[in-house]
2 protein chains.
Amino acid sequence: MPSIRTRTTAARRAPAGRKAAISRDDIITAALKLVGPHRSVSTLSLREVAREAGIAPNSFYRHFHDIDELAIALIDLAGRSLRQIIGAARQRATTERSVVRSSVETFMEQLGADEKLLHILLREGTVGSDAFKQAVERELQFFENELCADLIRLAEANGTGLYEPALTAKAITRLVFAIGATAMDLPRERHAEITEQLAVMVRMIVVGTQTMAQNRAIRP
Amino acid sequence: MPSIRTRTTAARRAPAGRKAAISRDDIITAALKLVGPHRSVSTLSLREVAREAGIAPNSFYRHFHDIDELAIALIDLAGRSLRQIIGAARQRATTERSVVRSSVETFMEQLGADEKLLHILLREGTVGSDAFKQAVERELQFFENELCADLIRLAEANGTGLYEPALTAKAITRLVFAIGATAMDLPRERHAEITEQLAVMVRMIVVGTQTMAQNRAIRP
DNA sequence: CGACTGTCTATACAACTGTATATTAATGAC
DNA sequence: GTCATTAATATACAGTTGTATAGACAGTCG
């Protein structure tokens with residue numbers, strides 16, 4: 001039966017035992033070593049990750065309740081990282097045309113680099129548990145929101161209209177991720193070609209939304 | 001050492017043994033019972049399918065060399081089935097606007113019906129072996145080609161231009177499948193809403209490609 | 001009628017999985 | 001130094017998987 005003094009000086013959860021020899025991040029790093037173009041997060045086993053991290057299988061539970069919790073952590077990490085990269089690229093571009101171009105190009109560059117993070121985001125959206133898919137969905141929504149704000153900003157700056165900005169952003173985001181997912185498995189020589197195609201496709205959506213806005217303005 | 005008479009009367013592979021008690025299709029049917037919104041083809045195990053089909057695990061090998069071969073058969077089946085359904089819907093529609101509408105609506109209807117086939121196509125595109133992904137890619141290409149032909153036909157009939165028909169078809173196909181994949185996990189009440197959104201998105205692409213074609217025609 | 005041939009089943013095995021239990025080792029508080 | 005607390009481990013267990021091997025059954029042909 002614990003004494004009253006169980007409550008330590010520090011208000012919440014004072015570490016009164018052995019120092020942790022391995023951290024959550026170490027496990028995440030180990031998991032990242034295992035995933036790749038031919039290995040999806042959802043097929044990782046607890047034991048496999050533990051082996052790669054050099055710890056006993058059971059030690060995994062000290063840091064993650066589930067293997068799914070690990071997967072969600074990976075997805076969050078991937079989303080945050082990619083949003084930062086794309087965001088930086090977008091801020092460098094000012095005109096609308098170059099925003100499309102530079103975003104698409106940066107996206108495809110990340111695909112070329114063997115950054116596992118993007119692969120995770122692209123591939124794991126359709127498999128795994130519900131919590132799993134919701135995590136990917138959440139990241140995509142972040143992208144949509146940022147893109148939506150950017151589209152509105154540019155439309156105002158350039159005086160072009162915008163039909164349903166939120167839908168436009170959604171269409172662009174989903175299309176880019178879908179095409180990116182297929183490009184992932186293709187040899188790198190074809191990436192340039194796909195970048196061109198992707199830019200044209202996005203252009204279609206942008207021109208479409210502008211034209212539809214104009215037509216609505218003309219005959220309300 | 002086999003005698004020369006091993007070659008039977010029938011030129012190729014005469015069935016001279018026990019009649020097959022179970023067929024490839026029976027196994028495919030069993031596998032279809034197992035997949036669904038929360039179960040992907042790539043996670044099916046050989047034993048599981050055999051159990052569902054009521055046969056011994058080893059009997060599986062008589063009909064499929066791999067579990068991957070089964071998966072590819074499922075993908076092919078799903079692709080053929082869906083193409084037929086959508087194709088029929090498209091033939092019923094004549095004007096361009098109704099082609100977009102009815103195709104999208106038929107697509108979403110299929111999603112609502114608990115047809116496992118569409119689920120397979122939507123979900124398995126990004127996971128599994130290479131042969132696996134190629135099978136899905138092949139089916140998507142079929143859709144693209146048929147849609148492309150339809151777009152050209154309609155553009156000529158209506159006198160509207162078309163900027164890069166193949167790219168337009170690709171953009172539409174990928175977008176519809178991407179949105180469909182996310183809709184799959186949502187409650188059915190929201191399907192109507194998503195159908196509307198999807199129709200607008202596709203409209204954006206169509207209007208975009210037409211406008212771009214016009215602009216190209218004006219200043220060549 | 002045999003004999004053959006192909007289909008299917010039974011049994012078995014090694015590898016792997018997630019997790020339960022008990023044990024050891026390290027750290028900070030007293 | 002002692003002791004409680006906690007991290008990490010070792011061992012173990014039941015379940016699953018894919019597949020190898022060998023045998024049992026049912027048709028067909030000579």
Side-chain angles (χ1 to χ4, degrees), chain A residues 1-31 34 39-72 128-129 131-132, chain B residues 1-31 34-35 39-71 128-129 131-132:
Chain A
M1 191 171 289
S3 76
I4 294 180
R5 280 208 272 99
T6 300
R7 278 192 291 151
T8 44
T9 53
R12 51 191 218 53
R13 192 62 60 138
R18 183 181 181 172
K19 197 164 48 181
I22 205 169
S23 69
R24 260 177 85 105
D25 285 332
D26 291 331
I27 296 182
I28 289 182
T29 305
L34 291 171
R39 195 73 161 72
S40 86
V41 174
S42 42
T43 65
L44 288 182
S45 80
L46 186 152
R47 286 186 109 105
E48 205 177 355
V49 175
R51 212 178 303 134
E52 179 68 36
I55 60 173
N58 265 334
S59 302
F60 184 91
Y61 293 119
R62 293 274 156 203
H63 305 278
F64 296 96
H65 177 264
D66 245 351
I67 188 84
D68 273 19
E69 198 177 303
L70 202 218
I72 289 173
S129 67
F132 212 102
Chain B
M1 193 168 286
S3 76
I4 294 180
R5 280 207 273 97
T6 299
R7 279 191 290 153
T8 43
T9 52
R12 50 190 216 60
R13 191 63 59 142
R18 183 179 182 174
K19 199 164 47 182
I22 205 168
S23 69
R24 259 178 85 106
D25 285 332
D26 291 330
I27 296 183
I28 289 181
T29 305
L34 292 170
V35 303
R39 195 74 161 72
S40 84
V41 174
S42 42
T43 65
L44 288 182
S45 79
L46 186 152
R47 286 184 108 106
E48 206 177 356
V49 175
R51 213 178 302 135
E52 179 69 36
I55 59 172
N58 266 334
S59 301
F60 183 91
Y61 293 119
R62 293 275 154 201
H63 305 280
F64 295 96
H65 177 264
D66 244 353
I67 189 84
D68 273 18
E69 199 178 302
L70 203 218
S129 66
F132 212 102

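The chains referred to below are lettered A, B, ... by the order of the sequence lines, with proteins before strands, and numbering in each begins at 1.
Judged by distance alone, the side chains of A:Asp26 and A:Thr29 never bring a donor and an acceptor atom under 3.5 Å apart.
Side-chain N/O atoms of B:His63 include none lying less than 4.0 angstrom from OP1 or OP2 on C:dT7. At the phosphate of D:dA7, OP1 or OP2 sits under 4.0 Å from a side-chain N or O atom of A:Arg62. At C:dT9, one or more side-chain N or O atoms of B:Ser59 fall inside 4.0 Å of OP1 or OP2 (strictly under the cut-off).
Remark: P of D:dA10 and CD1 of A:Ile55 are 12 Å apart, rounded to the nearest angstrom. Atom NE2 in A:His65 sits roughly 12 Å away from atom C1' in C:dG18 (whole-Å rounding). One atom, OH of A:Tyr61, and another, C1' of C:dT19, lie 5 Å apart when rounded to the nearest Å. We find that CZ of B:Phe60 is positioned 14 Å from P of C:dT9, with the value rounded to whole Å.
One can find a donor-acceptor pair under 3.5 Å joining the base of D:dT21 and the side-chain atoms of B:Asn58.
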Pair up each side-chain donor or acceptor in residues 39-51 of chain A with any protein partner under 3.5 Å, not counting sequence neighbours, and list the distances.
from, atom 1, to, atom 2, distance (Å)
A:Arg39, NH1, A:Thr43, O, 3.3
A:Arg39, NH1, A:Thr43, OG1, 2.4
A:Arg39, NH2, A:Glu48, OE1, 2.6
A:Arg39, NH2, A:Glu48, OE2, 2.5
A:Ser40, OG, A:Ser42, OG, 3.0
A:Ser42, OG, A:Glu124, OE1, 3.3
A:Thr43, OG1, A:Ser40, O, 2.8
A:Ser45, OG, A:Glu48, N, 3.1

In residues 56-71 of chain A, what donor-acceptor pairs under 3.5 Å come from side-chain atoms, sequence neighbours left out?
from, atom 1, to, atom 2, distance (Å)
A:His63, NE2, A:Ile22, O, 3.4
A:Asp68, OD2, A:Ser129, OG, 2.8
A:Glu69, OE1, A:His65, N, 3.3

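DNA chain D is contacted by A:Ala21, A:Ile22 of residues 21-29 of chain A, taking any non-hydrogen atom closer than 4.0 Å.
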Report, one pair per line, the protein and nucleotides 15-17 of chain C atoms (nitrogen or oxygen only) whose separation is under 3.5 Å.
from, atom 1, to, atom 2, distance (Å)
C:dT17, OP1, A:Ser45, OG, 2.8
C:dT17, OP2, A:Arg51, NH2, 2.7

